[in-house]
Amino acid sequence: NNDGLNDVYKVNATVNKCWDTFSVKIYNRWGQLMFESEDFLFSWDGKNKHSKPVPEGIYYYLLEATFRDTQFKKNGYIHLLR
């Protein structure tokens, strides 16, 4: 709602440029890809890949990163309210 509180979803961590690969994908409940980025400093503002606002609801995120031979995966849900 652009009030400056929780307006974007992003990784809350120190910048880590040592990742060999990094990706984040956000899907709607039907499995359609809404957003993706390979930038560790991404932020998702509730818009799809065509910059159109997505409806309120539950969205699934998948974060994947590698460093040398170590893989990191994190997934979960985002409840989008407007």
Side-chain angles (χ1 to χ4, degrees):
N1 64 2
N2 294 320
D3 66 357
L5 301 170
N6 298 319
D7 288 333
V8 297
Y9 170 72
K10 61 184 178 178
V11 173
N12 190 12
T14 0
V15 175
N16 188 343
K17 298 192 183 232
C18 69
W19 294 112
D20 294 325
T21 65
F22 176 85
S23 75
V24 59
K25 294 179 181 177
I26 299 175
Y27 300 89
N28 67 12
R29 65 174 151 174
W30 296 281
Q32 296 169 310
L33 183 63
M34 297 285 106
F35 174 85
E36 68 181 318
S37 178
E38 293 182 354
D39 183 357
F40 183 77
L41 299 175
F42 81 95
S43 63
W44 183 55
D45 60 359
K47 294 179 183 168
N48 66 19
K49 56 188 172 184
H50 305 292
S51 298
K52 304 234 186 245
V54 299
E56 286 188 353
I58 306 292
Y59 292 84
Y60 174 78
Y61 71 85
L62 176 61
L63 293 168
E64 296 181 303
T66 59
F67 175 66
R68 296 187 185 159
D69 56 350
T70 302
Q71 276 195 325
F72 171 80
K73 289 185 179 185
K74 174 89 174 153
N75 61 344
Y77 296 94
I78 301 166
H79 194 160
L80 178 67
L81 301 172
R82 297 199 185 274

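Note that the coordinates shown come from a computational prediction; the quantities given were computed from them, not determined experimentally.
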Problem set entry | Glu38 atom CD: more than 12 heavy-atom contacts under 6.0 Å | no
Problem set entry | Same apolar cluster: Tyr60 and Ile58, side chain cutoff 4.5 Å | yes
Seminar exercise, completed: Of all heavy-atom pairs linking Tyr27 and Gly31, the shortest is CD2-O, 3.4 Å
Exercise. Can you tell me how far NZ of Lys73 sits from OG of Ser23, rounded to the nearest 0.5 angstrom?
Worked result: 9.5 Å
Exercise. Counting N and O atoms only, with roles assigned by atom type, does the side chain of Asp20 sit under 3.5 Å from a partner on the main chain of Arg68, one being a donor and the other an acceptor?
Worked result: yes
Seminar exercise, completed: Closest non-hydrogen atoms of Ala65 and Phe22, given as atom of the first, atom of the second and distance, are CB-CD1, 4.0 Å
Problem set entry | Cluster check Phe35, Ile78: I/L/V/M/F/W/Y, side chain < 4.5 angstrom | yes
Exercise. Taking a hydrophobic cluster as the set of Ile, Leu, Val, Met, Phe, Trp and Tyr residues connected by side-chain heavy atoms closer than 4.5 Å, whether directly or through intermediates, do Val24 and Phe67 fall within one such cluster?
Worked result: yes
Problem set entry | Distance in Å, Phe72 CZ paired with Glu64 CD, rounded so as to fall on 0.5 Å steps | 10.5 Å
For this session: For residues Val54 and Asn28, determine if any side-chain heavy atom of one lies less than 4.5 Å from a side-chain heavy atom of the other.
Result: no
Problem set entry | Least distance between heavy atoms, Tyr61 atom then Tyr77 atom | CE2-N, 3.5 Å
Side chains of residues 39-47: which donor-acceptor pairs under 3.5 Å do they make with residues two or more places apart or in other chains?
| from | atom 1 | to | atom 2 | distance (Å) |
| --- | --- | --- | --- | --- |
| Asp39 | OD1 | Leu41 | N | 2.9 |
| Trp44 | NE1 | Lys47 | O | 2.7 |
| Asp45 | OD1 | Lys47 | N | 3.4 |

Exercise. Once you round to the nearest 0.5 Å, how far does CD of Gln32 lie from NZ of Lys49?
Worked result: 8.5 Å
